[in-house]
> 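One structure, as structure tokens, below. Some questions next.
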2 protein chains.
Amino acid sequence: MIVDRSSPVPQYFQLQTWLIEQIDQGVFKTNDKIPTEEELAQITGLARATVRQAIQNLVNMGYLERKRRLGTFVINGSVHSETRTIIGLIVPDIRSGYAPELARGAEDEAAKNKHSLILCNSDDLYVKAEFHANRLLENSVAGLIFMPTAAPDEQNKKIIDKFLRRNIPVVLADRTIPDLDVDYVTTNNYDGAYEITKYLIDKGYKKIAIILSALFSTERDRLEGYKNALLDHNIPIDNDIIIADSGPFIQNRYFKYARALLKTRNDITAIFAGHDRIALLFYSLANEMGIKIPDDISIVGYDDLHFTTVPLTTMHQPIYEMGQESMKLIMSRIKSEVEYSRNIVLNSHIVERESVLKIA
Amino acid sequence: MIVDRSSPVPQYFQLQTWLIEQIDQGVFKTNDKIPTEEELAQITGLARATVRQAIQNLVNMGYLERKRRLGTFVINGSVHSETRTIIGLIVPDIRSGYAPELARGAEDEAAKNKHSLILCNSDDLYVKAEFHANRLLENSVAGLIFMPTAAPDEQNKKIIDKFLRRNIPVVLADRTIPDLDVDYVTTNNYDGAYEITKYLIDKGYKKIAIILSALFSTERDRLEGYKNALLDHNIPIDNDIIIADSGPFIQNRYFKYARALLKTRNDITAIFAGHDRIALLFYSLANEMGIKIPDDISIVGYDDLHFTTVPLTTMHQPIYEMGQESMKLIMSRIKSEVEYSRNIVLNSHIVERESVLKIA
DNA sequence: ATTGATTAATTGTCTATACAATTATATGAT
DNA sequence: ATCATATAATTGTATAGACAATTAATCAAT
């Protein structure tokens with residue numbers, strides 16, 4: 001007998017307790033359909049309204065989910081994730097690069113799902129990321145979108161594990177970590193770099209310098225794409241005109257690299273800037289040194305931060321979509337049990353403006 | 001009439017909405033007893049069970065509290081403010097203008113106080129702002145930093161009141177609302193505009209056009225500053241070269257204004273762009289039309305979004321500090337009872353670059 | 001194949017009614 | 001004064017029944 005009508009315990013509550021027991025004991029498993037309200041009324045001898053009250057409470061508590069016409073179903077056991085509607089987003093700095101675009105994509109998608117976004121800036125530092133991670137956990141966020149910091153992979157993993165251990169889904173955005181079984185969304189940096197290098201080659205260039213950071217998977221992939229494009233077109237790789245900085249982006253440092261490069265190697269005819277902000281430096285520098293882009297030197301960037309002031313040919317990255325897709329992954333993890341980790345690689349495409357001259 | 005029986009909206013939901021409204025508008029204040037279920041049934045003409053459903057939902061949402069034999073009471077929204085450590089930030093769009101800088105200032109200050117920031121984009125639309133406001137309330141934020149939308153003041157006030165009624169502190173950032181007793185942080189737009197207009201006058205200019213939006217207090221103040229600077233220097237105001245758009249910033253529309261202005265009025269020697277993004281348009285346009293800045297025409301902007309590509313002389317606004325100060329106001333409200341509302345006006349200063357030529 | 005209409009299952013909304021449980025307050029007894 | 005008891009107001013629990021809305025699945029038409 002499920003409900004004891006002589007008990008002082010409310011009958012809806014008895015039913016509720018019984019249902020929880022069944023779920024806990026695995027009689028009703030995740031995603032199972034439990035009996036319909038009518039059936040439960042029959043079985044227990046209660047009125048449908050009473051059954052409904054019990055079920056409604058369990059829905060509120062995050063045990064069950066109702067679907068019209070289909071029935072009532074047991075929800076993913078990682079419990080109260082339903083009531084939590086805040087997602088954390090850790091980016092290096094909301095002011096720089098494409099972070100605003102990414103945040104906006106994520107926020108829009110979150111809003112669609114009636115979730116909110118907590119914004120955290122790590123400045124690419126492990127300590128700051130960890131500080132925020134702890135605060136997010138205290139606020140019991142339902143998920144985390146994380147751009148790994150410039151710290152070693154091991155440290156980033158530590159942060160990620162904190163969440164995963166508590167069954168809080170994590171998605172890496174843009175930057176990835178090798179050999180880590182976690183969802184991520186990125187763009188095809190290797191292919192993109194290969195393509196835009198080939199673009200320069202097709203325009204007649206052979207002496208193509210590249211300047212970027214070796215710190216992040218994204219830019220390391222771009223470097224590989226660049227190298228292989230050269231090799232595939234029988235252009236020797238000249239390590240002197242490959243500048244791969246080991247630290248995060250610091251404007252002044254890159255200014256020095258750029259200045260040194262332009263001064264010492266006037267055989268360079270084209271430059272592949274690891275990202276658009278580096279490309280911008282060259283514009284300023286060209287101005288300063290009386291060099292004309294693209295007449296004297298051609299340049300391409302990567303990202304497509306829409307500057308209206310310089311006509312930079314660059315690789316457009318779908319950043320907004322990256323934010324969106326990251327949030328979609330989080331949402332699907334929250335809503336249902338996902339067994340395997342999923343990786344989304346978005347495609348970039350060249351946006352041709354006027355920073356490259358055809359010389360072939 | 002509280003419920004419209006012909007509406008497709010469920011009646012319990014209509015009642016629910018009505019009750020929230022009453023609470024928001026202060027008809028039912030904190031700790032007030034609302035009518036009993038029986039009374040509400042009478043008033044609305046609904047069955048008690050239906051009334052009950054509405055009330056139950058509001059109890060779950062944290063609006064109401066039931067006490068047996070006593071009735072149902074409005075909950076004091078500020079009760080848990082010590083334990084709540086999340087602050088809402090509603091900006092038009094995190095991608096545009098200085099929103100990232102503002103967000104970063106606010107976030108850093110929040111982090112110092114072990115608080116977190118929920119980021120919301122309103123797109124300057126009332127409906128979106130309201131959606132986010134409701135979500136923030138559901139997440140029981142401890143405070144709100146709000147950039148009013150482009151909607152009429154009354155609507156923005158409605159959103160603000162929702163928070164204030166629950167004793168949740170609100171700070172307006174950058175844009176203010178006249179005759180509203182609420183904390184705000186802004187910059188001295190009037191003085192700044194006066195100063196930069198005077199700067200142009202001192203450089204020898206008399207025919208100074210201005211282009212901005214008349215939608216926000218900030219830009220309206222700038223327009224006044226511009227006008228008074230002219231008047232004080234005995235320069236007649238020429239309404240033909242004052243373009244005050246009534247809508248939000250839409251790039252293409254401003255392009256048209258700019259193009260028309262440059263084509264029809266070649267007596268103009270200087271331009272005061274209401275903000276830097278407008279100034280940028282002139283750079284693109286100048287390029288297109290073969291006009292040189294500053295040789296053919298001088299231009300100043302407002303904001304100082306640091307573009308490395310064009311040497312724009314502009315009014316630097318301390319946006320990061322604005323975010324910081326806004327958050328500081330929130331924190332002081334959270335920590336202690338503040339009786340009076342406080343207004344902080346930050347000072348801007350001119351950053352001289354190379355977009356203005358001396359002709360006097 | 002795609003689109004459109006139909007059907008049936010199930011949850012969603014709503015009414016009208018009844019009695020139970022709780023408890024602040026008033027009343028009465030000591 | 002203190003304690004016990006009754007009272008009444010209000011929310012809490014429960015029933016039985018009706019119709020609405022949604023939607024997966026099926027069938028029909030193009």
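Excluded from the calculations below are hydrogen atoms, water molecules and symmetry mates; all remaining heavy atoms, backbone and side chain alike, are included.
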> Tell me, with the steps shown, if B/D123 and A/R104 meet salt bridge (Lys or Arg N to Asp or Glu O under 4.0 Å).
CA-CA 11 Å; B/D123 287 327; A/R104 183 65 206 256; 2.7 Å; yes
> For nucleotides 23-26 of chain C, give me every protein contact, N/O to N/O, under 3.5 Å, one pair per line with atom names.
none

> Got a sec, which residues hit salt bridge (Lys or Arg N to Asp or Glu O under 4.0 Å) with A/E109, two or more places apart in sequence or on another chain?
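A/E109: salt bridge (Lys or Arg N to Asp or Glu O under 4.0 Å) contacts with A/K112.
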> Checking A/D304 now: which residues fulfil salt bridge (Lys or Arg N to Asp or Glu O under 4.0 Å) with it, not counting sequence neighbours?
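Per chain and number, A/D304 pairs via salt bridge (Lys or Arg N to Asp or Glu O under 4.0 Å) with A/R353.
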> The criterion is ring pair (Phe, Tyr, Trp, His ring centres under 6.0 Å); which residues satisfy it with A/F28, sequence neighbours excluded?
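Expected list: none.
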> Scan the side chains in residues 143-156 of chain B for donor-acceptor partners under 3.5 Å anywhere in the protein, sequence neighbours excluded, and list what turns up.
residue	atom	partner	partner atom	Å
B/T149	OG1	B/A151	N	3.1
B/T149	OG1	B/N156	OD1	2.9
B/N156	OD1	B/T149	N	3.0
B/N156	ND2	B/T149	O	3.3
B/N156	ND2	B/A151	O	3.2

> Once salt bridge (Lys or Arg N to Asp or Glu O under 4.0 Å) is applied, do any residues pair with B/E39, and if so which ones, sequence neighbours excluded?
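For B/E39, no residue satisfies salt bridge (Lys or Arg N to Asp or Glu O under 4.0 Å) once neighbours in sequence are set aside.
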> At the 4.0 Å heavy-atom cut-off to chain B, mark where contacts on DNA chain D begin and end, going 5' to 3'.
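Footprint of chain B along DNA chain D, 5' to 3': D/dA8 to D/dT13.
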> Taking only heavy atoms on the protein side, list every residue of residues 42-52 of chain B lying under 4.0 Å from any atom of DNA chain C, sorted numerically.
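DNA chain C contact set from residues 42-52 of chain B: B/L46, B/A47, B/R48, B/A49, B/T50.
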> With sequence neighbours excluded, tell me which residues meet side chain to side chain donor-acceptor pair (under 3.5 Å) with A/E352.
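Expected list: A/Y199.
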> Of all of residues 10-19 of chain A, which get a heavy atom below 4.0 angstrom from DNA chain D, listed by number?
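The stretch gives A/P10, A/Q11, A/Y12 as the residues lying under 4.0 Å from the strand, ordered by number.
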> Check every strand shown and say whether B/E38 touches a base, only sugar-phosphate, or nothing at a heavy-atom separation below 4.0 Å.
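Touches nothing.
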> Excluding sequence neighbours, so at least two apart, what forms salt bridge (Lys or Arg N to Asp or Glu O under 4.0 Å) with A/E21?
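None.
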> Can any side-chain N or O of A/S332 pair as donor or acceptor with the backbone N or O of A/L329 at less than 3.5 Å?
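Flag set: sc A/S332 to bb A/L329 pair under 3.5 Å.
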> Not counting sequence neighbours, which residues clear side chain to side chain donor-acceptor pair (under 3.5 Å) with A/E107? List them please.
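Applying side chain to side chain donor-acceptor pair (under 3.5 Å) to A/E107 gives B/N121.
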